[in-house]
Chemist: 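Okay, handing you the structure first.
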Amino acid sequence: MDNVAAIILAAGKGTRMKSSLVKVLHPAAGRPMIDYPVMAARAAGAAPVVLVVGHQAEAVQGHFHTAGDIRCVLQQEQLGTGHAVACAREALAGFDGTVLILCGDTPLLREETLKKLIEFHRAHRAALTVLSATVDDPHGYGRIVRNDGGAVLRIVEQKDAAPEELAIREINSGIYCMDAAFLFDNIDSVGSDNAQKEFYLTDLVAVAVNKGLACLALESGDAEEIMGVNDRGQLAEAARILRRRINRELMLSGVTIIDPDQTYIDQGAAIGADTIVHPNCHIDGTTVIGSGCVIDGNVTISGCRIADNCHIKAGSVLEDSQLHEAVAVGPMAHLRPGTVLHAHVKIGNFVETKKIVMGEGSKASHLTYLGDAEIGRDVNIGCGTITCNYDGVNKHRTVIGDQVFIGSDVQLVAPVTVGRNSLVAAGTTVTIDVPPDSLAIARVPQVNKDGWRLKKK
Ligand code: UD1
Ligand code: CA
């Protein structure tokens with residue numbers, strides 16, 4: 001849509017969160033709450049997006065430092081929503097179109113609703129359109145006061161309302177569309193003669209009505225969507241609704257989610273068709289998973305790219321790793337950042353990896369630590385193998401060639417290289433490079449003492 005700008009109010013502290021973190025940076029479904037209205041405004045065509053920041057302004061601003069279309073303006077003192085909007089005046093100087101006004105704490109608001117609001121506002125050539133909703137419990141919200149003919153007269157805040165006004169169940173969502181000229185020509189005329197001694201943005205409704213300008217309320221069909229988050233109970237409720245939406249969309253695109261109420265997939269994650277996700281998985285928003293995979297229960301995946309037909313078994317934790325086709329991991333494996341597993345690799349239970357590349361078809365099936373290593377194709381890493389990569393000061397690399405067989409309980413003291421097609425005998429501590437095609441064995445020769453136990457007794 002042409003000529004739409006957005007102002008998002010995010011200067012408030014969020015006292016009821018009882019937090020040292022400003023409210024709008026609290027995450028819901030993996031993203032700070034403020035991201036959602038920003039995304040919705042952008043998707044509805046708003047540019048620029050002006051954020052009014054106050055409490056922890058630097059933190060909020062820092063969160064958007066790479067987003068070129070976001071302009072932050074500071075509201076030094078929180079004197080009310082009307083004052084907050086007035087702070088955006090300079091940032092929108094010369095802008096002459098429709099201004100969307102949103103709150104930073106309404107993460108459930110959808111792009112389609114904003115588009116509808118803008119279209120409605122423009123179709124009626126309104127000066128101001130407010131998005132309203134009829135709710136069972138209007139407590140705390142501003143009420144939409146209409147005349148007998150149904151025309152909007154004004155908005156009255158809970159704290160200023162007369163008893164008969166308190167009975168009104170049509171509430172102000174705090175989301176508006178305004179004509180930019182109307183907004184900035186009139187915002188300074190709003191006073192603070194009210195119960196809270198604040199400059200109320202909502203007073204612009206009466207201003208428009210008194211001037212005989214078109215001023216409308218569009219009732220949103222979905223009261224859930226405009227829910228504001230004020231405390232942590234509402235934060236959890238909003239996150240639950242966001243997850244339900246994410247999961248529903250994934251299921252419609254062909255992903256099987258065994259129990260969507262207990263699956264925690266963040267906004268932004270991509271998962272291919274015919275992948276099955278079992279309960280209590282956490283998948284972050286930067287992860288990409290291919291099709292035909294199985295993600296068992298209690299798996300946590302963040303920052304990973306996982307190709308098709310992989311199996312991540314129960315209890316595994318995968319961070320910033322890359323898995324090619326048909327890799328199997330776990331149960332209870334830990335892939336730490338920088339792990340690259342080529343096709344058909346198998347990582348078994350209680351294996352930890354960090355900054356390694358493992359070639360096609362290689363296996364580490366049990367109880368192993370592999371860090372800072374380059375491992376070739378078709379390598380077998382025996383149970384209990386450890387790359388001793390750290391000398392207390394520096395990290396060192398281990399290089400293992402193709403087709404190497406590492407027996408059980410081997411320590412590889414890095415830096416060290418095991419040449420291709422060699423075999424390292426069980427129990428060996430490898431301290432010098434092993435040439436290709438050879439056997440490396442380093443064990444203390446065994447001594448058997450006949451009858452030793454009997455003599456002891
Ligand atoms: C406001 C509306 C109310 C509506 C409700 C919807 C007014 C006067 N009232 O009430 O009609 O039903 O939202 O949720 O507008 N903010 C600033 N600077 C300020 C004050 C507020 O940036 O000086 C921001 C807050 O951070 C918040 C938003 O504006 O994101 C709404 O402010 P809040 O104080 O929560 O308004 P309500 O009393 O809920
Ligand atoms: Ca509020």
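Both counts, for ligands and for their atoms, begin at 1 and track the order of listing.
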Chemist: When you look for heavy atoms under 4.0 Å from ligand 1, do you find them on the side chain of Gln75, its backbone, both, or neither?
Modeler: side chain
Chemist: Is it the case that ligand 1 has an N or O less than 3.5 angstrom from some N or O of Gly80?
Modeler: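 Yes.
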Chemist: Give a yes/no verdict on whether any heavy atom in Gly54 is under 4.0 Å from an atom of ligand 1.
Modeler: no
Chemist: Side chain or backbone, does Gly142 bring an N or O within less than 3.5 Å of an N or O on ligand 1?
Modeler: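 Among all N and O atoms of Gly142, at least one is under 3.5 Å from an N or O of ligand 1.
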Chemist: Do any heavy atoms of Thr202 fall under 4.0 Å from ligand 1?
Modeler: yes
Chemist: Is there a nitrogen or oxygen of Glu77 sitting under 3.5 Å from a nitrogen or oxygen of ligand 1?
Modeler: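 In fact, backbone or side chain, Glu77 has no N or O that close.
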Chemist: My understanding is that only one of Leu114, Ile101, Val130 makes a side chain to side chain contact (heavy atoms under 4.5 Å, CB included) with Ile175; could you say which?
Modeler: Leu114
Chemist: Looking only at heavy atoms, is any part of Ala84 under 4.0 Å from ligand 1, and if so is it the side chain, the backbone, or both, or is it neither?
Modeler: side chain
Chemist: Does an N or O from Asn172, backbone or side chain, lie closer than 3.5 Å to an N or O of ligand 1?
Modeler: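 By distance alone, the answer is yes.
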Chemist: Who gets closest to atom 32 (O) of ligand 1 by heavy atom: Thr15, Ile7, Thr81?
Modeler: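 Heavy atom nearest to atom 32 (O) of ligand 1 belongs to Thr81.
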Chemist: Classify the contact between Thr106 and ligand 1 as side chain, backbone, both or neither, using a heavy-atom distance cut-off of under 4.0 Å.
Modeler: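 Neither; no heavy atom under 4.0 Å.
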Chemist: Heavy-atom distances under 4.0 Å are what count here, so tell me which part of Lys23 touches ligand 1: side chain, backbone, both or neither.
Modeler: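 Neither part.
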Chemist: Would you check whether Gly228 reaches within less than 4.0 Å of ligand 1, judged by its heavy atoms?
Modeler: no
Chemist: Hey, is Arg154 close enough to Glu165 for a salt bridge, meaning N to O under 4.0 Å?
Modeler: yes
